[in-house]
Amino acid sequence: MTIVLTPYWSNGQQKIKVEPQAPAPPPAGLLPPAYIHAVHAERSLLQLRSKATPIEKNIFLSQLKDADLNTFYKLCLANMSEITPLIYTPTVGDACLQFSQNFRRPEGLFISIKDKGKIGSILRNWPRLNEARISVVTDGSRILGLGDLGVNGMPISIGKLSLYVAGAGVRPTSTLPICLDLGTNNQKFLDDPLYLGLRQKRVSDEEMDEFMDEFMAEITTAFPKLLVQFEDFSTDHAFAYLARFRDRYPVFNDDIQGTGAVVLSGLINAAAIANIPARNHRILFFGAGSAGVGVAMQLISYFTLNGLSVEEARDRVWLVDSKGLVYDGRAAEVAEHKKCVEMLTMEPDFSRRDYTGAPLTDLLEIIEYVKPTALMGLSTIKSAFTEPVIRAMAKHNVRPIIFPLSNPVRLSECEFQETLEWSEGRAIFASGSPFPETTFEGRRRIPGQGNNMYIFPGLGLGSIIARVTSVTDSMVEASALGLANSLTEEERGLELVYPAIHRIREISGHVAVRVIRAAQKAGVDQSSELRSLSDEELTELVHKKMWYPC
Ligand SMILES: NC(=O)C1=CN([C@@H]2O[C@H](COP(=O)(O)OP(=O)(O)OC[C@H]3O[C@@H](n4cnc5c(N)ncnc54)[C@H](OP(=O)(O)O)[C@@H]3O)[C@@H](O)[C@H]2O)C=CC1
Ligand SMILES: CC(=O)C(=O)O
Ligand SMILES: [Mg+2]
């Protein structure tokens, strides 16, 4: 049993410790005589562990959250590494796939295309109108690497918000999960009598634009203090709506910006282990969607801040999509977001100009041509990093950086153990979903989890506390740098690229402080009283604001 709990009340016979936040005990007789709330957390943990499969554990935890919020978050905080994979990736992928079958009680807000014209009135049905501070909004069109899941995407919003609470201490009552139902192109769901969403195909881009304009205007009116996180929109809409709304409202896109920040942070720490400055790396992206391009943009921005010109910075990056290496001369059309993204002041044209040969479609061939120092997988293609691919990376690099970042775990481009074996233990590894640690040739090896869950809780908390009017690139970059320098000496000694997940509150606090400072510098903060605080005072304030279960 790993949890350490402080009992705070019993059924009245044996008062132990009453904390200020503790709920009043129910009247005598409504609980068994020896019931102790804190011990109940241990009982809940045993119940959780008695479930056979991850999805059963996910269902159990979801019901526990509904029945006893404090015990749920106590378990999360005391057992982060055990519980995070159950409420988040990989299990949240199954929770989404099975949402319509497993549905018990509604959680969050559902807004459909049929509500167009009256979205404001639907939003005002939310019972905690004045309390909402952070909303994770998905349209279910690209849930993890699982594709269009329509209204079944709701658990991703719920799961991310549970991490806001557990990982950053955002008050549970301040979280607002939203799933937009704009139809689905998933025929299996449309044919399923249990499917809980609209029985229609996705609406046109024009209709979706009108809907999103109304939605954003109404949500920021109904909830004037709300930060909006866009989650798992399909890539074209992810870029389009970030560009459309980011200067008007406090909004960020987790898959583009959160992922960009977390991978930049991991690359900085991996570069230190490889003993090659980050800006000197040659980075090959296998997958050029919202996540791949988001990370590429973040890296280029960082490299330019570290002395490279835009040309030199983008020269460090190669993109591969389903048609192979992205280069100017190839016949297959190159989507706009892979060429020129308006969201940065520079124009990071990722399409290579220096390659003029025949299309390169084989990853191994591409590796032999590029000779990358780092290989990033954001493709949703399971096992794409084959033994020859990893061996080629290991041939060209003393310490190859290999980050298979696709989620959930069954879509990972490679697994931890095989990557160690094929690279003779030299790979520096981080994956999107967690792999267990292992011992390789007598040495303890701990895989990194390169997941935006290390960024969004702190980025969100800092934005909420500073009451920002928008989320700037500098705030996102600050979150990455804050995460990168949060490793302890012991963690560096173990060659970790990300800190241990059980320190998530500390890390989120650190990230939040960096984000608040960046917001102040950019002039987008509205909590001017925080400006005069020293860093120590600000850190203390951030931690004081964190909610704890009782
Ligand atoms: N670790 C983390 O924190 C995060 C991980 N992710 C994960 O990243 C993955 C991708 O997300 P996202 O970018 O939004 O999704 P997209 O579907 O937009 O992108 C997938 C990309 O992979 C490319 N691709 C598909 N098949 C192949 C193939 N056979 N060979 C080479 N490339 C291929 C696609 O090519 P084309 O453009 O030609 O279609 C596209 O560029 C998901 O699994 C998601 O879960 C996302 C966000 C955060
Ligand atoms: C982690 C995440 O945001 C994703 O896989 O989409
Ligand atoms: Mg996502």
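Every number for a ligand or one of its atoms is a count from 1 in the order of the listing.
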- What are the atoms of ligand 2, with element, lying closer than 4.0 Å to any heavy atom of Asn452? 1 (C), 2 (C), 3 (O)

- Item | Numbering as shown, the atoms of ligand 2 that approach Lys160 to under 4.0 Å (heavy-atom distance) | 1 (C), 2 (C), 3 (O)

Ring-plane angle category for [X] and [Y], please: parallel below 30°, perpendicular beyond 60°, tilted otherwise.
| X | Y | answer |
| --- | --- | --- |
| Phe403 | Tyr498 | tilted |
| Phe429 | Phe416 | tilted |
| Tyr241 | Phe245 | parallel |

- Protein contact of atom 5 (O) of ligand 2 - nearest heavy atom, named by residue and atom, plus distance: Asn407 ND2, 2.8 Å

- Query: Any Lys/Arg nitrogen of Glu82 or Lys57 sitting under 4.0 Å from an Asp/Glu carboxylate oxygen of the other?
  - Reply: no

- Message: Quick check: of its N, O or S atoms, which one does Asp255 have closest to the Mg ion (ligand 3)?
- Response: OD1

- What N/O/S atom of Asp232 gets nearest to the Mg ion (ligand 3)? OD1

- Message: I'd like to know: is the Mg ion (ligand 3) within the 2.8 Å range of an N/O/S atom from Glu231, strictly under that distance?
- Response: yes

- Would you kindly specify which portion of Asn407 sits under 4.0 Å from ligand 1, judged on non-hydrogen atoms: side chain, backbone, both or neither? both

- Item | Part of Met453 within contact of ligand 1 (heavy atoms, under 4.0 Å) | neither

- Gly287, Ser433, Gly145, Pro404: member with heavy atom nearest to atom 23 (C) of ligand 1: Gly287

- Message: Can you check which of Leu378, Val326, Leu144 brings a heavy atom nearest to atom 44 (C) of ligand 1?
- Response: Leu144

- Query: For ligand 2, is there an atom lying under 4.0 Å from some heavy atom of Glu231?
  - Reply: yes

- Message: For Pro457 versus Tyr454, what's the shortest heavy-atom pair and its separation?
- Response: CD-C, 4.3 Å

- Note on the structure: Numbered in order shown, the ligand 1 atoms found under 4.0 Å of a heavy atom of Asp321 are 30 (N), 31 (C), 32 (N), 33 (C), 35 (O), 36 (P), 37 (O), 38 (O), 41 (O)

- Give the numbers and elements of all ligand 1 atoms closer than 4.0 Å to a heavy atom of Ser406. 7 (C), 9 (C), 43 (O)

- Task: Run the contact test for Leu411 against ligand 1 with a 4.0 Å cut-off on heavy atoms, strictly below, and give the result.
- Result: no

- Task: Take Glu495 and Arg399, measure what salt bridge (charged side-chain N to carboxylate O under 4.0 Å, His left out) needs, and give me the verdict at the end.
- Result: CA-CA 12 Å; Glu495 290 197 342; Arg399 300 301 307 267; 2.9 Å; yes

